[in-house]
Asker: 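Got a structure here, written out as structure tokens. Questions coming.
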Amino acid sequence: MNKRQAILDEIPRLRRFAQALAGDRDIADDLVQDCLERALGGLHTWQENSNMRAWLFTILRNTYFNQLRASSRRPNETPLDEHHDSLNATPPAQAHGLIIRDLQFALKLLSDQHREVVLLVGLEGMNYKETAGILGVPKGTVMSRLSRARELLKQYMEHGENGNRPPLRRVK
Amino acid sequence: MSTSRSITDAQINAYVDGELDEASRLEFEQLLLNNPEDAARVAAYKQQNDELQNLYGALIEEPVPAEMRKMVMQHKSRPSLAPWMQVAAAVTLLLVGGITGWGLRGTQPREIVAAAVPEYVERAVGAHFVYTSEVLHPVEVTAAREAHLVGWLSKRLGNPVKMPNLVSIGYNLVGGRLLEDQGSPAAQFMYEDASGRRVTVYVRSYDGNDTAFKFFTSKEVSAFYWIDAPFAYALSGELPRQELMNIAQVVYKEISP
């Protein structure tokens with residue numbers, strides 16, 4: 001059936017987005033399963049010829065934020081020392097690897113709302129209008145969140161989370 | 001060309017994301033020539049996007065796990081109108097009785113500055129926040145026992161309650177719960193759309209004159225509230241004002257005789 005195939009086709013992207021958003025593979029796959037469950041249960045409300053990807057992403061992020069609130073789990077509050085330790089313990093050999101780690105580290109420092117907008121636009125290539133639809137906020141809000149998030153990412157990557165940490169990419 | 005034109009954050013982001021039309025893009029690139037700091041930001045943001053692709057791009061090559069595939073292909077689709085809803089429609093007809101008079105009809109609603117938001121509204125918004133976040137037990141009585149729910153809440157509130165049906169705008173009933181509002185009973189009905197957004201309708205007995213819709217917003221949750229004796233209502237949700245207003249109008253239509 002076409003609708004089901006359309007859902008299947010989106011699973012790789014949903015898993016990727018969930019993983020980047022939640023920062024954990026197992027949490028991400030649970031999230032995708034919850035999302036699929038909701039989508040399948042509400043499939044009759046999906047409008048033919050509307051954007052399946054945007055619809056599924058909307059469900060996924062709403063599920064994530066609902067669960068986050070329910071459990072008061074704040075991924076952002078993972079003790080920063082943990083990251084420092086693991087990063088310092090295994091310095092990657094190549095400069096390229098360092099930059100990648102830098103970004104991953106910086107993403108974790110962002111609030112969930114800032115991280116999601118950076119991922120939707122920067123990784124998933126959604127335009128502002130689609131992103132606004134998924135988040136359920138005006139386009140202007142998407143733009144201001146995105147602007148703030150990128151500036152924060154830039155700062156984190158250049159100076160660390162509080163400006164005291166030396167830039168990671170200089171670790172050799 | 002004016003060189004004094006300053007570049008905004010919005011322009012920088014829109015440029016990086018390809019959101020500018022051709023003319024604006026060319027103009028922006030000209031401006032950038034004289035603004036090395038902004039050019040550096042453009043480069044940094046583009047690099048962030050490139051690194052996101054390096055970091056996560058390959059993840060979409062992964063095959064779909066078998067259990068997810070099975071879930072999608074074998075899920076049983078449900079009938080478009082659940083049987084309990086048909087029953088419920090009949091039941092609500094029977095229960096609607098004495099709700100009369102409505103400030104919004106006939107006269108234009110006055111724009112009242114909500115200097116003092118009724119306390120019940122804040123409690124409604126608080127209850128919305130607390131209970132919508134529960135995934136497993138968001139309601140006391142589930143939608144499957146809708147008739148029972150309406151009867152039970154009407155009895156507790158001392159007047160026949162009419163529960164709005166929001167299916168026409170894509171919101172299905174999740175269920176309801178009885179709450180205590182400063183010694184008086186209050187009811188909360190919860191609805192959810194297919195994407196998981198939840199709104200709640202809060203109802204409590206109220207002595208006072210009917211009012212028009214009024215808007216209240218706290219940090220994350222907004223509400224439209226009104227009085228339609230003998231009840232006071234609040235519709236809460238984490239939605240833009242206009243969207244919430246549209247739902248409030250449907251709620252009002254549903255509960256008016």
Asker: Given A:Leu146 and B:Asp17, is the side chain to side chain contact (heavy atoms under 4.5 Å, CB included) satisfied, shown in steps?
Answerer: CA-CA 11 Å; A:Leu146 186 63; B:Asp17 297 319; 3.3 Å; yes
Asker: Kindly indicate, with the supporting measurements, whether the criterion salt bridge (Lys or Arg N to Asp or Glu O under 4.0 Å) is fulfilled by B:Glu192 and A:Arg38.
Answerer: CA-CA 11 Å; B:Glu192 183 175 73; A:Arg38 276 172 186 252; 3.1 Å; yes
Asker: Of the listed residues (A:Arg13, A:Arg25, A:Lys129), which shares the most heavy-atom pairs with chain B below a 4.5 Å separation?
Answerer: A:Arg25
Asker: Between B:Arg197 and A:Ile134, what is the shortest heavy-atom contact and its length?
Answerer: NH2-O, 3.6 Å
Asker: Does the side chain of A:Met157 come within less than 4.5 Å of B:Glu51's, by heavy atoms?
Answerer: yes
Asker: Which residue out of A:Met143, A:Arg61, A:Glu37, A:Arg15 racks up the most heavy-atom pairs below 4.5 Å with chain B?
Answerer: A:Arg15
Asker: Closest heavy-atom contact between A:Trp55 and B:Ala194?
Answerer: CZ2-CB, 3.8 Å
Asker: For a 4.5 angstrom cut-off between non-hydrogen side-chain atoms, does B:Thr132 reach A:Asn66?
Answerer: no
Asker: Quick one: of A:Gly140, A:Pro138, A:Gly122, who has the most non-hydrogen atom pairs under 4.5 Å with chain B?
Answerer: A:Gly122
Asker: Considering non-hydrogen atoms only, spot the tightest contact between B:Asp9 and A:Ser147 and give its length.
Answerer: CB-OG, 3.3 Å
Asker: Is there a side-chain contact between B:Tyr56 and A:Gln104 in this structure, where contact means two heavy atoms from C-beta onward sitting under 4.5 Å apart?
Answerer: yes
Asker: In terms of heavy-atom pairs under 4.5 Å with chain B, which of A:Ser144, A:Cys35, A:Gly136 leads?
Answerer: A:Gly136
Asker: Under 4.5 Å heavy-atom distance to chain A, tell me which part of B:Ile60 shows up: side chain, backbone, both or neither.
Answerer: both
Asker: I would like to know whether A:Leu8 and B:Met73 meet side chain to side chain contact (heavy atoms under 4.5 Å, CB included); could you show each step before the answer?
Answerer: CA-CA 9 Å; A:Leu8 271 186; B:Met73 298 320 282; 3.6 Å; yes
Asker: Measure A:Ile7 against the heavy atoms of chain B and call it side chain, backbone, both or neither at under 4.5 Å.
Answerer: side chain
Asker: Just by distance, do the side chain of B:Glu19 and the backbone of A:Asn127 share a donor-acceptor pair under 3.5 Å?
Answerer: no
Asker: Taking all atoms of both residues into account, what is the closest heavy-atom pair of B:Val72 and A:Arg4, and its distance?
Answerer: O-NH1, 3.1 Å
Asker: Apply the side chain to side chain contact (heavy atoms under 4.5 Å, CB included) test between B:Ser195 and each candidate in A:Thr63, A:Thr58, A:Leu60; give the one that qualifies.
Answerer: A:Thr58
Asker: Quick one, A:Val121 and B:Asn49 - any side-chain contact, counting heavy atoms below 4.5 Å?
Answerer: no
Asker: Could you grab the distance from atom CG of A:Leu36 to atom CZ of B:Arg69, nearest 0.5 Å is fine?
Answerer: 12.0 Å
Asker: Is chain A contacted by the side chain of B:Glu243, its backbone, both, or neither, given a heavy-atom distance below 4.5 Å?
Answerer: neither
Asker: At what distance, to the nearest 0.5 angstrom, does CG of B:Leu55 lie from CG of A:Leu107?
Answerer: 7.0 Å
Asker: By a 4.5 Å heavy-atom criterion (distance strictly below it), what part of B:Gln74 contacts chain A: side chain, backbone, both, or neither?
Answerer: backbone
Asker: Does any backbone or side-chain atom of B:Glu61 lie under 4.5 Å from a heavy atom of chain A? Answer side chain, backbone, both or neither.
Answerer: neither
Asker: So what's closer than 4.5 Å to chain A heavy atoms on B:Ala10: side chain, backbone, both or neither?
Answerer: both
Asker: Which residue is it: A:Glu151, A:Arg150, A:Lys154? I am looking for the one with a side-chain hydrogen bond (donor to acceptor under 3.5 Å, both in side chains) to B:Tyr45.
Answerer: A:Glu151
Asker: For atom CD of B:Glu37, decide whether the heavy atoms of other residues, nucleotides or ligands shown that lie under 6.0 angstrom number more than 12.
Answerer: no
Asker: Can you tell me how far apart CD (A:Gln33) and CE (B:Met71) are? Round to the nearest 0.5 Å.
Answerer: 5.0 Å
Asker: As an exercise: rank B:Ile12, B:Val16, B:Leu59 by heavy-atom pairs under 4.5 Å with chain A and give me the winner.
Answerer: B:Leu59
Asker: Using non-hydrogen atoms only, which part of A:Asp29 is less than 4.5 Å away from chain B: side chain, backbone, both, or neither?
Answerer: both
